[in-house]
Amino acid sequence: MHLHKYEKIWLAFGMASLVLFLIIIGLAAFWKGTHPQSHIETIDPQNVEAHEAFKPENLGISEVADGKYKVNIVASAFNYDLGKDKDGDAVKTIRVPKGSTVLFQITTKDVVHGFQIAGTNVNMMVEPGHISRYEAVMKNTGEFTIVCNEYCGIGHHQMFGTVEVYE
């Protein structure tokens, strides 16, 4: 079989690119430990309450250190469960001081949801069987809407909450 000179050059270039790509992926995965962020920890989607972070009494915001907060959330059909207040009512607003570091931990029981805090860099895909985490510094004051940015069903538009950052 006769190959033209330019075909040989392009084949060599393609093979070299493939080998270089595989070497980079291998080094990143095995030497640097790089892996997709949202697939670090798995959870049984039928029993998320078995995980310490997602027990009903641990949902919502908690201060873990001075200026550091953790927010545990369970997403389900058209609702973000942010815990309950002292009166037993569902929490729909999380309040954090300006400049605080907040770790958002979220999972879902049913279908794929999105978790985005509009006006910030917080934006995650929430998949059944996985725990998604994102740590953010809340630099600006104001009210920021939590929205589901993955279509999750007919009541998708009712899935929201609020993060209030105060001075």
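Here, residue 1 is the first one in the sequence, and each next residue gets the next number. Quick note: numbers below take in every heavy atom, side chains included, and nothing from hydrogens, waters or symmetry partners.
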>> Please evaluate residues Lys70 and Arg133 with respect to the criterion side chain to side chain contact (heavy atoms under 4.5 Å, CB included), reporting the C-alpha separation (whole Å), side-chain torsions for both, the decisive distance (0.1 Å), and the verdict.
In response: CA-CA 10 Å; Lys70 183 168 48 175; Arg133 293 187 172 93; over 6 Å; no
>> What's the separation between atom OG1 in Thr93 and atom CZ in Phe144, rounded to the nearest 0.5 Å?
In response: 13.0 Å
>> Let me confirm one number: the CG-CG distance from Asn72 to Leu103, rounded to the nearest 0.5 Å.
In response: 8.0 Å
>> Within a 6.0 Å radius of atom NZ on Lys139, are there more than 12 heavy atoms belonging to other residues, nucleotides or ligands?
In response: no
>> Could you report the tightest heavy-atom contact between Thr108 and Pro45, atom names first, then the distance?
In response: O-CB, 4.0 Å
> Is the side chain of Thr141 donor-acceptor paired with the backbone N or O of Tyr166 at a distance under 3.5 Å, no angle test?
Replying inline: no
>> Could you go through Met159 and Asn149, starting from their C-alpha distance and side-chain angles, then the distance that decides it, and tell me whether this counts as side chain to side chain contact (heavy atoms under 4.5 Å, CB included)?
In response: CA-CA 9 Å; Met159 195 166 175; Asn149 55 13; over 6 Å; no
> Using the ring of each side chain (for Trp, its six-membered ring), is Phe104 parallel, tilted or perpendicular to Phe115, with breaks at 30° and 60°?
Replying inline: tilted
>> Tell me whether the rings of His4 and Tyr6 are parallel (<30°), tilted (30 to 60°) or perpendicular (>60°).
In response: tilted
> Atom SG of Cys152 and atom NE2 of His113: how far apart are they, to the nearest 0.5 Å?
Replying inline: 5.0 Å
> Checking side chain to side chain contact (heavy atoms under 4.5 Å, CB included) against Phe54, which of Ile73, Ile106, Ile43 comes through?
Replying inline: Ile43
> Do Glu49 and Pro56 touch side chain to side chain, with heavy atoms closer than 4.5 Å?
Replying inline: yes
> Within the side chain of Tyr151, is there an N or O that forms a donor-acceptor pair under 3.5 Å with the backbone of Gly153?
Replying inline: yes
> Do Phe78 and Ile117 sit in the same hydrophobic cluster, where Ile, Leu, Val, Met, Phe, Trp and Tyr count as joined when their side-chain heavy atoms come under 4.5 Å apart?
Replying inline: no
> When rounded to the nearest 0.5 angstrom, what distance separates CZ in Arg95 from CD1 in Ile61?
Replying inline: 10.0 Å
> Do you reckon Leu27 sits in the same ILVMFWY cluster as Leu22, going by side-chain contacts under 4.5 Å, direct or chained?
Replying inline: no
> Can you check whether Leu59 reaches Gln105 side chain to side chain, under 4.5 Å on heavy atoms?
Replying inline: no
> Within the side chain of Tyr80, is there an N or O that forms a donor-acceptor pair under 3.5 Å with the backbone of Val147?
Replying inline: yes
> Is the CG atom of Asn121 crowded by more than 12 outside heavy atoms at less than 6.0 Å?
Replying inline: no
> Between the side chain of Asp110 and the main-chain N/O of Ala77, is any donor-acceptor distance below 3.5 Å?
Replying inline: yes
> Is there a donor-acceptor pair under 3.5 Å between the side chain of His156 and the backbone N or O of Glu150?
Replying inline: yes
>> How close do Val96 and Val102 get, counting heavy atoms only, and between which atoms?
In response: CG1-CG2, 4.0 Å
>> Check whether Asp87 reaches the backbone of Asp89 with its side chain - one donor and one acceptor, N or O, closer than 3.5 Å.
In response: no
> Closest heavy-atom contact between Ala50 and Lys55?
Replying inline: O-CE, 4.4 Å
> How many angstroms lie between CG in Leu82 and OG1 in Thr162, if you round to the nearest 0.5 Å?
Replying inline: 9.0 Å
> Can you tell me how far the OG1 atom of Thr42 sits from the NE2 atom of His51, to the nearest 0.5 Å?
Replying inline: 9.0 Å
>> When you group the ILVMFWY residues by side-chain heavy-atom contacts below 4.5 Å and let the links chain together, are Val48 and Val111 in the same group?
In response: no
> Just wondering, more than 12 heavy atoms not from Lys68 lying within 6.0 Å of its NZ?
Replying inline: no
> Can you name the nearest heavy-atom pair linking Val112 to Met125, along with the distance?
Replying inline: CG1-CG, 3.8 Å
> Is the count of non-hydrogen atoms from other residues, nucleotides or ligands lying under 6.0 Å from Ile154 atom CD1 greater than 12?
Replying inline: no
>> Working note: Val163 + Ile146, criterion side chain to side chain contact (heavy atoms under 4.5 Å, CB included); need CA distance, chi angles, decisive distance, verdict.
In response: CA-CA 7 Å; Val163 174; Ile146 301 169; 3.7 Å; yes
